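Below is one structure, written out as structure tokens; comments come after it.
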Amino acid sequence: MILNEKQLPLRAWRGLAASVAALLVWDVLVTVLYLNATTHFEAIDIQFTLFGTVIALFVGFMVNAAYGRWWEARTLWGQVVNSSRSLARQALVLLDEDVPGARPGLAAQVVRNQVAYVHVLRTALRGQPLPEEAGTFLGPDRLAHVERATNRQTAVLLDTDRLLSEAHRRGMVGELSRLELEAALVALTDAQGGLERIKNTPLPVQYRFLPRFFSRLFCVILPFAVVEDLGWLTPLGSGLVGLMFLLAVQIGDQLANPFADGVYDVPMTTISRTVEIDLTQMLGDEPPRPVEPVAEVLY
Amino acid sequence: MILNEKQLPLRAWRGLAASVAALLVWDVLVTVLYLNATTHFEAIDIQFTLFGTVIALFVGFMVNAAYGRWWEARTLWGQVVNSSRSLARQALVLLDEDVPGARPGLAAQVVRNQVAYVHVLRTALRGQPLPEEAGTFLGPDRLAHVERATNRQTAVLLDTDRLLSEAHRRGMVGELSRLELEAALVALTDAQGGLERIKNTPLPVQYRFLPRFFSRLFCVILPFAVVEDLGWLTPLGSGLVGLMFLLAVQIGDQLANPFADGVYDVPMTTISRTVEIDLTQMLGDEPPRPVEPVAEVLY
Amino acid sequence: MILNEKQLPLRAWRGLAASVAALLVWDVLVTVLYLNATTHFEAIDIQFTLFGTVIALFVGFMVNAAYGRWWEARTLWGQVVNSSRSLARQALVLLDEDVPGARPGLAAQVVRNQVAYVHVLRTALRGQPLPEEAGTFLGPDRLAHVERATNRQTAVLLDTDRLLSEAHRRGMVGELSRLELEAALVALTDAQGGLERIKNTPLPVQYRFLPRFFSRLFCVILPFAVVEDLGWLTPLGSGLVGLMFLLAVQIGDQLANPFADGVYDVPMTTISRTVEIDLTQMLGDEPPRPVEPVAEVLY
Amino acid sequence: MILNEKQLPLRAWRGLAASVAALLVWDVLVTVLYLNATTHFEAIDIQFTLFGTVIALFVGFMVNAAYGRWWEARTLWGQVVNSSRSLARQALVLLDEDVPGARPGLAAQVVRNQVAYVHVLRTALRGQPLPEEAGTFLGPDRLAHVERATNRQTAVLLDTDRLLSEAHRRGMVGELSRLELEAALVALTDAQGGLERIKNTPLPVQYRFLPRFFSRLFCVILPFAVVEDLGWLTPLGSGLVGLMFLLAVQIGDQLANPFADGVYDVPMTTISRTVEIDLTQMLGDEPPRPVEPVAEVLY
Amino acid sequence: MILNEKQLPLRAWRGLAASVAALLVWDVLVTVLYLNATTHFEAIDIQFTLFGTVIALFVGFMVNAAYGRWWEARTLWGQVVNSSRSLARQALVLLDEDVPGARPGLAAQVVRNQVAYVHVLRTALRGQPLPEEAGTFLGPDRLAHVERATNRQTAVLLDTDRLLSEAHRRGMVGELSRLELEAALVALTDAQGGLERIKNTPLPVQYRFLPRFFSRLFCVILPFAVVEDLGWLTPLGSGLVGLMFLLAVQIGDQLANPFADGVYDVPMTTISRTVEIDLTQMLGDEPPRPVEPVAEVLY
């Protein structure tokens with residue numbers, strides 16, 4: 001996630017460099033050929049207004065759908081944060097370690113499991129290996145168990161549920177309060193399912209192909225339509241309009257995949273570190289430092 | 001669901017082949033006739049900009065509504081996945097098979113029922129016969145019972161509810177925890193009802209007819225409007241604009257029916273296999289392999 | 001609800017017949033007068049592009065709002081189906097007729113009440129008298145009681161609640177499970193309230209008047225604007241654009257009132273029959289046949 | 001709320017009378033001056049198409065946001081109706097007046113409090129004094145208590161909660177059922193908070209000022225742009241387009257404030273009377289008559 | 001939040017003063033140079049209609065997304081108000097201070113904690129130091145504890161949860177009612193998480209940069225396109241269109257950051273004072289005065 005709210009950073013332009021260069025070369029080529037050879041294109045521009053408006057409309061729909069995905073992904077991560085905090089707060093308050101038969105440290109392990117959960121979920125969504133934090137907060141035994149599972153984040157939740165079940169068996173928590181803690185696990189399962197849905201279901205290819213293909217086609221045709229009116233200014237005018245379309249399509253492409261580990265990502269590393277800070281502080285431990293932005297980008 | 005996020009696969013064009021061929025033949029015909037007979041159409045193009053913009057607006061609304069249906073269907077399947085996981089996790093943790101009078105294997109049967117449920121729901125939405133997995137996970141007696149019902153997926157849920165009721169009678173689960181499990185069944189009933197709603201309620205015919213009819217009409221009239229300006233380029237210009245409208249309408253048609261078992265489907269086979277993998281792994285059994293894409297398409 | 005997803009049925013055009021005939025007569029009249037009298041209108045068409053685009057925008061907003069109402073009505077009926085199934089499933093499983101003091105058949109009456117409820121709700125939304133099914137499933141005593149109420153669907157729910165209260169008094173159900181059943185009644189009350197809200201709150205008159213009035217006005221003015229360019233083709237060109245606007249406005253009008261008992265209705269007869277089939281089958285009774293479409297329309 | 005779904009009532013035009021008159025005078029003035037003085041404006045109209053389209057777009061966004069507020073307000077009132085019915089139904093069924101120590105009439109007072117609540121909420125949202133019904137249903141003691149509070153509707157809910165607390169202390173209701181009743185109070189608090197949010201948070205001034213200011217500016221400039229083409233028809237053409245913009249802005253203004261006690265209001269008097277009818281009928285009392293529309297308007 | 005619903009206050013224009021001045025100077029410069037030097041630009045204006053329409057579309061999407069953020073922030077604060085009222089009402093009614101072992105004043109402290117919570121949340125979102133009210137309502141000990149935490153609002157909630165836990169231990173509240181109070185804390189955690197999400201996740205930079213950059217570019221190019229048609233009126237015509245775009249972009253910028261402590265803010269000071277008034281009145285204390293608007297602005 002780019003922190004600078006006003007300036008598009010240089011690297012955002014880089015992805016467009018090849019397209020823009022090709023666009024400019026083409027615009028200059030058409031202009032030079034036209035002004036030498038005096039071919040006649042004059043009356044076709046009105047049709048191009050229609051063409052451009054329709055493409056803009058579809059690009060707009062695509063960008064909106066992509067933004068919807070990105071914001072839903074961010075909101076679901078927000079739900080993960082909320083439920084992590086609620087689960088930790090309730091585990092520390094509702095699990096009674098003073099009853100006879102209680103296992104000391106069980107509540108703390110529930111909280112540690114939850115810290116591991118957010119880190120495991122983050123790396124799973126990015127297709128990365130298990131993170132270092134998984135070992136730190138789960139311990140070697142639980143880690144080995146989690147590593148064997150296909151869906152590792154689900155395995156962590158199942159382990160937390162077993163901890164709660166043990167607490168209930170030991171009399172550390174009543175049935176009602178145990179179900180209240182269970183509700184946080186259901187909320188986490190729902191948020192995780194939503195994130196995996198966004199991860200595994202790309203924006204329909206037609207939704208992405210149509211704007212990209214016709215935007216590029218439009219860039220190819222545009223200089224023919226404006227060269228008579230604009231003359232030597234054609235590369236400038238045609239290039240600007242083309243750039244606008246290419247930029248808009250790029251925005252849609254970037255927002256549509258919010259877990260790509262790129263600069264436009266939902267900042268999952270930062271979010272899971274925030275959860276780690278909040279939860280370790282609840283345990284009374286020394287929290288880690290927040291994630292620092294790298295060149296104005298939070299990952 | 002097409003996995004390739006960038007290229008529209010060849011088969012997507014195939015559905016349009018007849019329309020596009022007819023469109024091109026027509027455009028060429030109009031052009032040839034015009035350039036021989038010198039009929040006069042010059043001043044009508046502005047009106048066509050209006051006509052085209054209005055059609056584009058309605059096509060856009062239709063595509064958006066269709067995308068809304070497709071995404072809602074996907075989200076509801078996500079809810080089925082979430083509730084299946086929660087139900088299985090809770091069944092394994094909350095049902096106590098160590099009390100006297102407990103029936104061993106009851107919790108596992110709840111989980112197996114749920115695997116059968118997602119497969120039965122999938123085939124019901126596609127109008128297919130009961131899947132092989134129904135027999136595997138339900139066993140012959142339950143299968144026979146389910147086959148007699150009109151709504152077979154509801155029958156599986158009712159059977160699961162009877163299992164929970166038996167568990168409660170045998171003292172394997174308290175009333176509170178039993179209701180927590182019941183909540184997952186209510187969530188599944190809600191998601192299933194939503195999926196059946198989308199299945200049984202097509203996008204209003206007017207919403208689909210209006211864009212399709214007027215898009216085609218527009219394609220018919222367009223060459224007359226541009227032939228004076230474009231001359232021999234008419235089939236190219238008119239064809240591209242027409243293609244764009246035909247493609248957009250096709251997108252809407254495909255997304256509006258997300259259970260058609262076509263390449264643009266919600267990938268229900270894949271999703272129900274994912275549930276099967278997760279739940280059999282929770283049981284400690286050997287999970288099946290994930291569904292492999294066929295020519296970049298997941299079903 | 002029209003089942004045919006591709007063709008607008010003949011009767012849909014019928015409602016437009018008078019408007020379209022008037023439109024064509026007017027267009028022909030303007031054309032004939034112009035081509036005889038050679039009045040001069042040439043330069044006003046650009047303004048009409050603006051006028052038409054703005055009207056199209058407002059028609060689009062109106063159609064979208066109307067579609068939103070129609071789909072919300074359909075979704076709320078889906079909620080009625082879901083909660084009916086959950087209530088019936090839970091009544092059959094949670095109410096224990098084997099305890100001493102139990103009243104046999106009480107659970108079945110809860111299910112029958114629910115069948116009656118959906119039929120009563122359907123006729124109330126359509127402003128029709130009590131349906132035959134009310135008597136069949138409620139029996140004469142309950143029916144007489146329900147007939148006296150102002151809001152009859154609420155009266156059926158209150159009666160169901162009294163049955164649950166009796167079951168609780170007789171020890172057939174614990175307090176917790178009784179509240180779980182109560183939750184289904186709250187969900188039904190919410191869905192019913194939503195349906196009555198859509199029924200009793202028309203789309204704001206301004207939202208409907210503005211598009212209709214200006215669309216017609218546009219149809220009146222359009223031939224003057226295009227007659228110079230189109231000549232004898234004016235009735236065709238002007239008529240097509242006018243038809244598009246009239247059709248779009250008609251779509252909005254029809255979708256805005258989803259309980260009008262017309263061909264574009266939410267198919268409430270079909271939906272309540274589906275509930276009747278599912279619930280009688282749960283009781284082990286012979287279910288009725290599904291509603292058959294009449295000339296491709298489900299009511 | 002205007003009941004007539006087709007005709008915009010006369011009084012809706014009245015609010016526009018001054019603006020429309022000014023608009024017409026201005027259009028006539030420009031036309032007369034132009035046709036006498038033969039100033040030259042011919043080529044500026046294309047720019048005005050852009051100007052007009054952009055303004056239409058912003059007016060559309062504003063109208064949509066205003067409609068969203070109006071419909072949310074209506075939906076929240078629907079929630080008040082639903083929760084009032086659920087609370088009343090549950091109070092009558094769950095509070096047991098036959099136990100020793102029960103206070104007879106307590107359940108009925110909960111229902112009466114709820115009738116008073118909706119009337120108090122209605123007048124609070126309209127900035128009116130306490131309604132007559134408050135005294136009728138609360139009785140003098142409770143009324144005096146409520147009158148002293150800053151937020152009177154919250155005070156009624158707090159009083160209902162105290163009644164439920166008393167019922168619990170007297171053994172008339174178990175802890176579980178008492179919390180079920182509490183849930184209805186939480187739902188009412190949420191709906192009330194939403195209504196107060198809409199009341200206290202106007203649509204952002206920029207959202208309203210921009211469309212209004214530029215629409216009027218557009219009306220001022222429009223005749224200069226079209227007078228050359230339209231000649232003596234200028235006041236008609238320019239006036240119609242101007243009227244359309246002024247009407248659209250007026251719709252947005254009216255829908256944005258749904259509690260203004262005007263003809264476009266959410267019909268809160270009617271809704272609270274409906275609740276009064278339903279709840280008094282549940283008590284077995286004689287219900288009042290429904291609110292009659294005044295000149296096709298429900299308040 | 002600006003209270004005046006009709007007039008954009010003077011200070012709103014101030015932010016635009018520099019841009020508008022630059023725009024006017026540029027427009028005048030182009031006009032003067034053109035009318036002296038008679039450069040030829042005539043035929044390029046149609047392309048500019050397309051350019052302007054496309055920019056308007058993207059500005060519109062951005063403004064809509066920004067409005068969505070602003071309204072979501074306001075709605076989440078509404079949720080904070082609702083849950084604060086519910087928590088306070090339930091604490092006063094459900095916590096029984098008459099049982100032996102009860103700690104008098106515990107319920108009042110829960111309410112006071114909640115008042116402190118909303119003030120702490122407000123200042124945290126604005127990046128301000130702890131407010132005076134935190135000390136008043138928390139007392140010195142709790143304040144010191146809260147000050148040490150990274151996320152101070154979470155620390156207040158955790159402290160409230162400890163109070164509830166103590167009440168439960170002392171027998172002042174049953175397990176069920178304690179969980180009902182817990183539900184309000186979960187709702188507050190969710191609303192707080194949503195507010196922090198909006199605070200920490202700016203609108204994607206591309207969404208903001210694209211409209212701003214191209215709007216300004218459009219303002220630069222516009223006079224060249226219209227100077228031939230408008231002549232000496234160019235600064236007026238070009239300036240008005242440019243002003244409209246600059247204003248629209250400014251609206252988006254302001255609404256996108258609803259916690260900036262500016263005049264377009266969500267009025268958090270006013271909202272948290274409202275909660276303070278309602279809750280102190282529930283305690284029977286003297287409530288503070290509502291926040292007064294400063295020059296028609298509520299903060």
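Please read these numbers as outputs of a predicted model, since none were measured by experiment. Residue numbering restarts at 1 for every chain, and letters A, B, ... go by the order of the sequence lines.
For chain B, the option among C/Leu176, C/Ile251, C/Leu57 with the highest count of heavy-atom pairs below 4.5 Å is C/Leu176. Comparing B/Leu164, B/Val186, B/Leu157, B/Ile55 by how many heavy-atom pairs each has under 4.5 Å with chain C, the most go to B/Val186. Most heavy-atom pairs under 4.5 Å with chain C, from the set B/Leu158, B/Leu185, B/Thr201: that is B/Thr201. Across B/Asn200, B/Asp190, B/Val54, the residue that shares the most heavy-atom pairs under 4.5 angstrom with chain C is B/Asp190. For the options B/Gly194, B/Gly60, B/Ala155, B/Ala149, heavy-atom pairs under 4.5 Å to chain C are most numerous at B/Ala149. Taking chain B as the reference chain and counting heavy-atom pairs below 4.5 Å, the highest number among C/Met282, C/Glu180, C/Gln79 is found for C/Glu180.
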(request) Check step by step if ring pair (Phe, Tyr, Trp, His ring centres under 6.0 Å) holds for C/Phe245 and C/Phe218. (result) CA-CA 9 Å; C/Phe245 278 96; C/Phe218 188 62; 5.3 Å; yes
(request) Might you work through the side chain to side chain donor-acceptor pair (under 3.5 Å) test for C/Ser177 and B/Glu175, ending with a clear yes or no? (result) CA-CA 8 Å; C/Ser177 301; B/Glu175 193 176 6; 2.7 Å; yes
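B/Thr189 and C/Arg85 form no side-chain donor-acceptor contact under 3.5 Å, judged by distance and modelled atom types alone.
Between B/Glu196 and C/Thr274 there is no side-chain heavy-atom pair separated by less than 4.5 Å. Put simply, the side chain of B/Leu217 does not reach to within 4.5 Å of the side chain of C/Met244, judged on heavy atoms. No side-chain heavy atom of C/Glu286 sits under 4.5 Å from any side-chain heavy atom of C/Thr280. For the pair B/Leu188/B/Ser84, a side-chain contact is recorded, criterion being any heavy-atom separation below 4.5 Å from C-beta on.
With a threshold of 4.5 angstrom between heavy atoms, C/Val81 does not approach chain B through any atom at all. The contact between C/Asn64 and chain B is made by backbone and side chain atoms together, counting heavy-atom distances below 4.5 Å. For chain C, no part of B/Glu166 is nearby; none of its heavy atoms comes within less than 4.5 Å. Heavy atoms of C/Val63 lying under 4.5 Å from chain B belong to its backbone as well as its side chain. Contact of B/Arg148 with chain C is made through the backbone alone, with heavy-atom distances under 4.5 Å. In this structure, the portions of C/Ala248 lying under 4.5 Å from any heavy atom of chain B include both its backbone and its side chain.
Judged by the 6.0 Å distance and 45° axis criteria, B/Arg197 is not positioned over the aromatic ring of C/Trp77.
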